[in-house]
Amino acid sequence: MDLKQLTREAETALAPLFEHIDEVAQKNTEKVLDAFRCERVSESMFLPSSGYGYDDIGRETLDRIYARVFGAEAAIVRHSIACGTHALTIGLFALLRPGDLLLSVTGKPYDTLDEVIGLTGKPGCGSLRDFGVDYAQVDLTPAGDIDYPAIGRAIETYGDRVKVVYLQRSKGYMDRPTLTVETIGEVAAFVKARTKAAVMVDNCYGEFVEETEPTSCGADLAVGSLIKNPGGGIAESGGYLVGRADLIEKCGYRLTSPGEGTEVGATLGQNKSMYKGLFFAPHIVAQALKTAHFAAYVFSALGFETEPKWDAPRADIIQAVKCGTPEMLTAFCRGIQYGSPVDSFVTCEAWAMPGYSDPVIMAAGTFTQGSSIELSADGPMRPPYLAYFQGGLTYESGKVGILSAARNILKERGETV
């Protein structure tokens, strides 16, 4: 296989798609810049606060900037939110009370929420189920579409007990399409015509892929991680919640304590990286999208099934490659690791990661541990052995990583490169 020739063919075919990606990045960059200017961002906002963090102007301004960018009433952006699962947990516990019901309408949420909801794990560990919150789900149709009749029946069955209708935008570890913002808006309208429940969206991996965000199209709360898209590869930790002001107030009380909410929380010198990361985010997301399209083209040419296809529209940065066997999934992830800037010498192995129901193999030669806006790949060791690839701070380095994975796959198959 001549990978240099395959690269030339791929980039010729992908040129019109790359042009569209750049157009979206330009519009989202303008939106971010407008928010920075409207909130009169200054160097003083990068100064650290300590202790209680009262009156931290940088923290408070960044919250308002996120609200503007995401088309929401209010926001919480904190470096102290440990991960996306932590941010989602804040939102779920803020909105749900004993006797309430959480209704997921995109099938089972991402694996790390199993113990949060109480689907797995030891009783008494503090899950929603421990606190008397029930759970129900509506699966997607076999074609991967929203099952509106089933959602309607579930709302009718559970009635006023449904307090949160939950959507996961990306595929997670499922083999299904990612939801577009338009689809999320349609689901929100359908739900609100039938119940007063809040519509909550796991927005991870979707920020800045399209020109709009779920909270500007009907979602009541959207949640994500700063070491994914909106951190721009610069924020070193953190998460965000954006949405209706009354819901964000409740989330603030869950984040810290009732009565204090978002009024406290020292920033400890992390403001600048979060501001700068948001500034870079539309461009970095564009680089990751280009890398994902390139990966789909290359691995399709090598005979693998990919989701989405190389020429399909996208609503997140994730590219799934159906490896088919444990050996091929391992070869893929090891190839990504070998093509990374950090820890390229490390040989990936599957292991029992906390919060996951199956052993997971991960490739992440990243500057920030676990950052999936950087070049990374992972997958659970279960059929059909899907590799979930995402990230790439630059298209050029992302391309190197993809070609490294391709060479490792070819080697595993006994083919000459």
For Gly224 against Glu207, the heavy-atom pair lying closest together: CA-OE2, 3.9 Å
Residues that Ala301 engages under side chain to side chain contact (heavy atoms under 4.5 Å, CB included), provided they are two or more places apart: Leu6
Arg59 versus Val264, closest heavy-atom pair with distance: NH1-C, 3.6 Å
Heavy atoms from other residues, nucleotides or ligands near CD of Glu182 exceed 12 (cutoff 6.0 Å): no
Mutual orientation of the aromatic rings belonging to Phe131 and Phe93 [parallel < 30°, tilted 30-60°, perpendicular > 60°]: perpendicular
Pair Phe70 + Tyr240: ring centers closer than 6.0 Å: yes
For the student: nearest non-hydrogen atoms of Cys333 and Ile361, plus distance: SG-CG2, 3.8 Å
Any donor-acceptor N/O pair, Tyr275 side chain to Gly58 backbone, under 3.5 Å: yes
Side-chain (Asp343) to main-chain (Gly365) donor-acceptor, under 3.5 angstrom: no
Geometric class of the Phe294/Tyr395 ring pair [parallel <30°, tilted 30-60°, perpendicular >60°]: perpendicular
Atom NZ of Lys192: over 12 foreign heavy atoms under 6.0 Å: yes
Within 6.0 angstrom of Lys31 NZ, more than 12 heavy atoms from elsewhere: yes
